[in-house]
Amino acid sequence: MSTRDWILHVDLDQFIAAVEILRHPELRGKPVVVGGSGDPAQPRTVAATATYEAREHGVHSGMPLRTALRRCPEAVFLPSDPPAYEAASERVMAVLRDFPVRVEVWGWDEAFVGAAIDDPEALAAALQQAVHDRTELSCSVGIGENKHQAKLASAFAKPAGIYRLTGANWAEVMNDRPTDALWGIGARISKRLAALGLHTVAQLAAADPAELAGHFGPTNGPWYRYLALGKGEAEVVTTPWIARGHSRETTFPHDLTDRDEIARHVAGLAGHVAQDAAAAGREVIRVSVKVRFAPFLTRTRQSKLPAPTTDAGVLSAAALSVLGRFDLDRPVRLLGVAVDYTLPDQ
DNA sequence: TCTGGGGTCCTAGGACCC
DNA sequence: TCTGGGGTCCTAGGACCC
C-alpha cells in the first residue's frame, strides 16, 4: 500500500439519543423521544430525535411530539438540552484531535478528518475505538477521496461500521440511485431534475453542464453534475469557522394577533441577538425579520444598517422598523430576528 | 405527521450610476 | 430626445444541511 491523502467522515450514531441514554442509563432499551421542553402535549413542537425502540412505533425526528405520543404512548419524552450535546461533542472532537490528523468539525455530531496514510480503514477503526473508550459513544466512519464521498460513505457504514467510497466503486454504488442520494441535492431539486428526464445519478452525471446551467444557474447547474460524478471539496479546514450571521426565532404554541405583543416579541428577539453578537465579539451590518403567518406562510424583510453596530438599542429599533413594513393582517405563528455580521476582511 | 431552530449559499430583479 | 449597456448594491425568496 502507498501513502496518499484520505478524507474520513466521522458520524456519531444517534448522537442526541445516545447522550441522553448515557445520562439516564435506566432508559436504555426503551422508546425515548427528545424534543422541545419534553412536554408531548405542547403543540408545534417536534422531535429532535427518537431511539430505535421509538422508531419501531413509527416515530422519527421532525415528527410533532403530539403525533409521537399518539403513536407511542409508552415513550419517555425528554427535553432537548443543547449545552449537554455541545459538551459531549467537544469531548468527541478532542479525542479526534489527539490523533496526528486534521480535524474539521461539521456540527455537533460530525467531523471530517484528513490524513496522509496508507491504511484508512485502520485509522477509522482506531478513531472509533478511541471515541468509544473515552466517551462511550459509537460512531460510523466513511472513507473517501473528498468530503462528498466520505459523507455518503459514513451513511452506508451505519451503525458503527466503516465504508469506503471512492472513484473506484462510485459508479457501481451510486449510479442507479436517485439524484437526492447526493449530498447537496434535496427533494426539490431532485424533482426538477426528474422533470428534465434526469432520475438517477448516472443520468445526471451524463447531462450537459450548459443545459443544467440554463435551468439551475451558472453555479448550481454544473455543480449538480459534479456531485453526480462523485467529486467534491477535498480540503479539510482546521481553522475555526467564522459565522456569517446569527438568528433567534420562536414558534408560538398559539397564534399572535395583537400588534403590541408582536412588537414586544420582535424587540425581545432583537435584544437576544444583540446580546449573542456582543458575546461573540461581532458587529452587525444587516437586520432581518421573519414572520410566519398562520397557517404556514413565511415572509422576510431586511434592512442594511447605515453602519456596523453592536448596540442593542439600535438593533431593536432597526428590527421594529423592518417589522413595520409587514402587513400584520393575519395571525402570526412565528417571529424571528436574524443579523449578518461584518466579516473580518471587510 | 398541521409542519422546530439555527445555519449557509445562490438567484433574480429592481434601483441606481456612469 | 423615448432610449443602450455594464456594473454594483440591495432585497426577497428558495434550497439545502444538521
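In what follows, chains are A, B, ... by sequence order, proteins preceding strands, each numbered from 1. Since the structure is predicted, the reported quantities are computational estimates derived from the model, not experimental observations. Basis for what follows: all heavy atoms, side chains included, without hydrogens, waters or symmetry-related copies.
Counting non-hydrogen atoms under 4.0 angstrom, A/W183 reaches the backbone sugars and phosphates but no base. Within the nucleic acid shown, A/G245 comes within 4.0 Å of sugar-phosphate atoms alone, with no base atom in reach, counting heavy atoms only. At the heavy-atom level, A/P218 lies under 4.0 Å from the strands shown only through sugar-phosphate atoms. Within 4.0 Å (heavy atoms only), A/R66 reaches no atom of the nucleic acid at all. Among the atoms of the strands shown, base atoms are found under 4.0 Å from some heavy atom of A/H60. Using a 4.0 Å heavy-atom criterion, one finds that A/G107 contacts no nucleic acid atom at all. Heavy atoms of A/A187 sit under 4.0 angstrom from primed sugar atoms or phosphate atoms, though from no base atom. Using a 4.0 Å heavy-atom distance criterion, A/L65 is classed as making no nucleic acid contact. Residue A/K151 is in sugar-phosphate contact alone, with no base atom involved, counting any heavy-atom pair closer than 4.0 Å across all strands shown. Among the atoms of the strands shown, none is found under 4.0 Å from any heavy atom of A/S288. Heavy atoms of A/A243 sit under 4.0 angstrom from primed sugar atoms or phosphate atoms, though from no base atom. Counting any heavy atom pair closer than 4.0 Å across all strands shown, A/R333 reaches a base atom. Among the heavy atoms of the strands lying under 4.0 Å from A/S303 are primed sugar atoms or P, OP1, OP2 only; no base atom is included. Across all strands shown, A/W223 has no heavy atoms under 4.0 Å from either base or sugar-phosphate atoms.
Residue-nucleotide stacking is not present for A/W106 and C/dC18, judged by a side-chain ring centre under 5.5 Å from the six-membered base ring centre and planes under 30° apart.
A/R292 forms a cation-pi arrangement with A/F296, by the criterion of a distance under 6.0 Å to the ring centre and an angle within 45° of the ring axis.
Distance, A/I16 CD1 to B/dG5 C1': 12 Å, rounded to whole Å. Separating the CH2 atom of A/W108 from the C1' atom of C/dC18 is a distance of 9 Å, rounded to the nearest angstrom. Between the CZ atom of A/F296 and the P atom of B/dC2 there is a distance of 13 Å, given to the nearest Å. Remark: P of C/dG13 and CZ of A/R188 are 15 Å apart, rounded to the nearest angstrom. Taking atom NZ of residue A/K304 and atom C1' of nucleotide C/dA12, one finds them 17 Å apart after rounding to whole Å.
Take the nearest nucleotide of DNA chain B for A/I242 and for A/A48: the residue whose nucleotide is more 5' is A/A48.
With A/N169 contributing its side chain and A/R164 its backbone, the two residues share a donor-acceptor pair below 3.5 Å.
With respect to the salt-bridge test (charged N to carboxylate O, under 4.0 angstrom), the residues A/D118 and A/R4 do not qualify. Look at A/D327 and A/R299 and you find no salt bridge, because none of the NZ, NE, NH1 or NH2 atoms lies under 4.0 Å from a carboxylate O.
A sub-4.0 Å separation between OP1 or OP2 of B/dG4 and a side-chain N or O of A/T45 is absent.
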Step by step, work out the ring-ring contact (aromatic ring centres under 6.0 Å, His included) result for A/W183 and A/W223.
CA-CA 11 Å; A/W183 187 38; A/W223 174 251; 9.5 Å; no
Apply the test side-chain hydrogen bond (donor to acceptor under 3.5 Å, both in side chains) to residues A/T300 and A/S288: give CA-CA distance (whole Å), side-chain angles for both, the deciding distance (0.1 Å), then the verdict.
CA-CA 7 Å; A/T300 61; A/S288 306; over 6 Å; no
